[in-house]
Amino acid sequence: MDQSFFDFQHGKMTIILTRNCNLKCIMCMTRGNTSTLEKDQAIRLAEFGLKQGFSCIELSGGEPFILGYTKDIIKVLKNSPTQVLITTNGTLVTDEQIDLMASCNNIHVQISLDGLAETHDQIRGVPLSFTRSDQTLRRLVARGVSVSINTVVQAINYRDMYNCYRYFSDVPYRWHGFVLYEPGSTNLDKVKIHPQDADAVESELLRIYQAARNENKPVGTLTPDSIRSIKNRILAKDDKNEFVHPGLLCTVPHRSIIVYPDGKIVPCHHHDWARYGFPRDVSKTDIADIIFSEDFKSAVRKATGPSGCKGCSTLCYSFDPDFQRKTCSPSFADHMLFGVAESLSGFGIMENCGRGDARHQVATVSISSSAPSVLQKNASPVWGRPPSGNIPITEKGVLYVGFPCNIRCKFCYYTYNQTKEWHPLEECKRDASLFREKYGNRFVDITGGEPTIYPHIYELLDFCNRIDLKPTLITNVQALANEDRVKQFRDHGVFDFLCSVHALGNTYNEIVQSRHGWNNLTEGIENLNKHGIPWRANCTLTRLNMDQLKDIVQWVKDRNCRIINFINFNPFEEWKAKMDIDFQARHCEIGPRLVQALEHCDRIGLEANVRYFPFCHMKGHEEKCINFQQLSYDRNEWDFCSWYAPETRAPSDKLPDSVRVAASSEEELHHFIAQCLKKGMYVQNGPCLQCSHFLICDGFTRQYHSRYGMEEAAPFRGPILMQPAIFIVRRAGSASIPMRTDVPVFQKAALQ
């Protein structure tokens with residue numbers, strides 16, 4: 001298997017065993033089709049999926065339990081490292097089959113339920129369908145089988161959605177997903193929701209989202225963004241999902257294999273090859289010979305290029321976390337990558353940009369008259385010293401070990417993250433090697449969740465030190481109240497800790513929502529000092545702590561803190577649509593208090609910086625102001641290239657190697673990414689347009705602008721500043737982490 005091209009370990013193989021079904025669902029796109037894979041074919045496909053290490057193998061239909069051999073496929077796949085997802089209507093599942101699935105440790109059953117009894121039976125076309133499906137769901141749960149529910153939102157049932165959610169809310173399902181009908185649905189005139197009903201659909205789905213959020217129930221990809229997208233599709237405001245990115249950014253064809261019951265094989269449902277036929281047939285040719293052929297790879301490259309598929313739908317969202325995030329709840333990184341792809345496509349730079357195949361990508365670079373500086377065809381990149389006062393680009397990566405945590409900070413981005421699981425140790429080691437070998441990072445921030453409670457943290461620290469990647473842990477310090485644990489971290493070579501000190505005393509306890517939080521924090525810091533482990537501090541700026549900022553500075557300085565980072569609360573992710581965040585303060589409220597704290601830092605000799613705060617509220621302390629455009633010049637911040645690496649599961653979108661090698665210098669690439677972040681997540685208008693710092697400042701976040709406006713912007717007068725690092729040179733002499741002096745290595749690896 002070509003691991004530089006395919007990423008099956010993070011992907012799914014879907015085997016559609018049959019189109020045949022015992023129900024007559026009104027929206028089904030394959031009614032009347034009875035094609036079915038032969039048993040021997042299905043078994044060979046399942047064995048191939050296991051051999052290639054897919055993270056998930058799905059058995060679907062039609063109705064898979066209509067076949068006598070489905071139990072034989074389950075036996076082939078049972079108790080393997082691969083998760084087995086079985087999609088069923090739940091009406092034909094026998095006690096014998098439930099016994100079999102209950103004996104497996106890797107089975108997950110998704111049952112299609114589209115409303116309560118009368119509504120569901122009307123959609124399914126067969127009486128008592130709801131009763132049988134509901135009974136099957138609860139029998140599976142009683143036997144300990146993992147389950148989920150999928151509900152297709154359509155004209156017949158959209159008024160029944162909340163009642164459907166409420167009816168099943170007592171079930172310990174993994175998720176209850178709500179997705180819009182497909183445009184190719186049969187009987188579209190009966191399925192389609194009319195534009196005049198779009199507000200009612202939005203209201204019903206938002207009601208579900210809010211209830212699920214309050215009850216901590218997972219509802220698939222349902223977020224305010226995806227709900228708005230569903231509404232826009234109903235209103236016909238766009239031909240495709242509002243947040244679907246160009247094919248350049250699509251991960252699915254490199255991770256997905258779908259086999260239809262007539263033997264045809266495709267990498268995704270929605271590219272032209274699925275619509276107009278695809279002459280690759282596993283009934284005639286071995287599946288490995290098809291997938292690993294240059295012909296198949298060429299088709300994948302075409303589909304994932306700028307002119308590739310733009311008609312993606314919910315079928316892709318359900319298994320690929322990257323696709324879920326960027327289509328249903330796009331982060332600032334997703335917006336950035338949309339800007340990258342949009343810019344490259346507009347300039348006509350890349351003809352083909354498939355994932356990871358750098359040799360192909362560089363060989364097909366073309367230049368248009370309006371393009372930015374890029375590599376000439378077959379040329380090697382020139383990576384010289386950056387012009388920004390000889391300040392090098394950061395060489396620190398970030399490694400996510402998963403999102404479990406031992407406290408619940410009020411402003412945490414990941415509070416509502418539905419994936420509360422650790423990443424495997426081998427995956428974390430792979431990421432560490434990637435940062436060191438491909439991207440030239442010499443330092444790494446290990447984060448989560450809370451990395452100090454990661455079960456394999458000591459092994460990961462040992463590994464990082466073996467490959468000369470100095471590890472920092474970003475921590476809430478709670479676990480460090482245990483002195484024995486601190487000794488372990490010291491003995492396993494932690495480089496330093498970046499400790500969250502968001503307030504003092506009871507205010508801290510209020511923020512982290514823990515009665516013992518402050519005591520644990522103080523004991524943890526005392527233990528670090530006792531055992532000679534260096535530490536730095538993060539402090540998120542909110543209404544709750546703004547009156548304590550100067551006192552926080554003195555507290556951390558008295559306890560040997562080396563640097564304090566003041567971080568403006570960023571209303572990204574879950575927060576960006578909320579206009580009533582009670583702990584969010586205005587810049588003009590925080591600004592004066594922050595300046596007093598920074599002046600105190602100068603007096604007592606504590607290095608400080610402020611992240612993501614407008615320059616105009618930092619007058620006199622501009623060298624401490626770090627917007628996205630300045631991040632790359634801070635040696636303690638993260639390298640954009642490894643942060644957005646396509647090979648990791650970091651909660652950011654993925655920057656293809658084809659984009660990296662298009663830049664003429666590393667600094668140019670970082671500057672381009674920062675500009676895309678600014679474009680996607682910030683607003684500059686009115687007084688900002690009159691400011692001499694307009695180009696080097698990001699401005700105000702979109703949520704902040706919507707909530708508070710721009711009245712408090714205070715423009716600088718004078719010549720327009722062009723260089724993002726013009727102020728950072730004042731503090732470039734600080735040396736808590738050595739500066740880069742060597743030529744980065746990642747560009748060599750990208751071209752090999």
Keeping the roles fixed (side chain from [X], backbone from [Y]), state whether a donor-acceptor pair exists under 3.5 Å.
X	Y	result
Ser642	Ala645	no
His176	Pro218	no
Arg436	Cys464	no
Glu427	Pro424	no
Asn79	Asn105	yes
Asp114	Val152	yes
Ser103	Leu100	yes
Gln52	Leu50	no
Ser256	Pro253	no
Asn106	Thr82	yes

Just say parallel, tilted or perpendicular for the rings of [X] and [Y], cut-offs at 30° and 60°.
X	Y	result
Phe48	Phe292	tilted
His254	Phe6	tilted
Phe8	Phe54	parallel

(request) Just do the side-chain contact (heavy atoms from CB on, under 4.5 Å) check on Val401 and Ile446 with the steps written out, would you? (result) CA-CA 7 Å; Val401 294; Ile446 300 175; 3.7 Å; yes
(request) Name all residues meeting the salt bridge (Lys or Arg N to Asp or Glu O under 4.0 Å) criterion together with Lys39; count only those two or more places apart in sequence or in a different chain, and write none if there are none. (result) Asp72
With a 4.5 Å heavy-atom cut-off, do [X] and [Y] have their side chains touching?
X	Y	value
Ile227	Tyr209	yes
Val179	Val153	no
Val93	Thr88	yes
Thr447	Leu399	no
Phe178	Ile230	no
Ile265	Ile258	no
Tyr439	Asp639	yes
Pro404	Tyr454	no

(request) Kindly confirm or rule out a cation-pi arrangement of Lys71 over Phe65, judged by NZ or CZ under 6.0 Å from the six-membered ring centre and within 45° of its axis? (result) no
Taking atom [atom1] of [X] and atom [atom2] of [Y], what is their separation to the nearest 0.5 Å?
X	Y	atom1	atom2	result
Glu437	Ile467	CD	CD1	6.5 Å
Glu459	Ile457	CD	CD1	9.0 Å
Tyr181	Gln154	OH	CD	9.5 Å
Cys56	Arg255	SG	CZ	13.5 Å
Leu45	Ile16	CG	CD1	11.5 Å
Gln97	Thr70	CD	OG1	7.0 Å

(request) Verify side-chain contact (heavy atoms from CB on, under 4.5 Å) between Asn89 and Ile111, making sure each step is shown before the conclusion. (result) CA-CA 5 Å; Asn89 61 44; Ile111 296 183; over 6 Å; no
Quiz question: by atom type and distance under 3.5 Å, do the side chains of [X] and [Y] form a donor-acceptor pair?
X	Y	answer
Lys12	Ser55	no
Glu58	Thr87	yes
Gln110	Asn150	no
Arg19	Ser35	no
Ser283	Asp281	yes

What are the two closest non-hydrogen atoms of [X] and [Y], and how far apart are they?
X	Y	answer
Ile15	Ala42	CD1-O, 4.5 Å
Met13	Ile287	CE-CD1, 3.8 Å
Val398	Trp643	CG1-CD1, 3.8 Å
Leu59	Ile74	CD1-CG1, 4.4 Å
Pro64	Ile86	CG-CG2, 4.2 Å
Cys104	Lys78	SG-CB, 3.2 Å

(message) So if I apply the side-chain contact (heavy atoms from CB on, under 4.5 Å) rule between Tyr173 and each of Val147, Leu137, Leu140, Val109, which one comes out positive?
(response) Val147
(message) Suppose we call two aromatic rings close when their centres sit under 6.0 Å apart. Are His108 and Trp175 close by that rule?
(response) yes
(message) Taking the basic N atoms (NZ, or NE/NH1/NH2) and the acidic carboxylate oxygens, is any pair closer than 4.0 Å for Arg44 and Glu47?
(response) no
(message) Go through it in stages, so that I can follow the logic: the residues are Val444 and Lys396, the test is side-chain contact (heavy atoms from CB on, under 4.5 Å), and I'd like the CA-CA distance, side-chain angles, deciding distance and then a yes or no.
(response) CA-CA 5 Å; Val444 66; Lys396 173 173 278 196; 5.6 Å; no
(message) Checking Thr648 against Tyr400 for the side-chain contact (heavy atoms from CB on, under 4.5 Å) test, could you report, in this order, the C-alpha distance in whole Å, the side-chain angles of both residues, the deciding distance, and whether it holds?
(response) CA-CA 9 Å; Thr648 74; Tyr400 289 83; over 6 Å; no
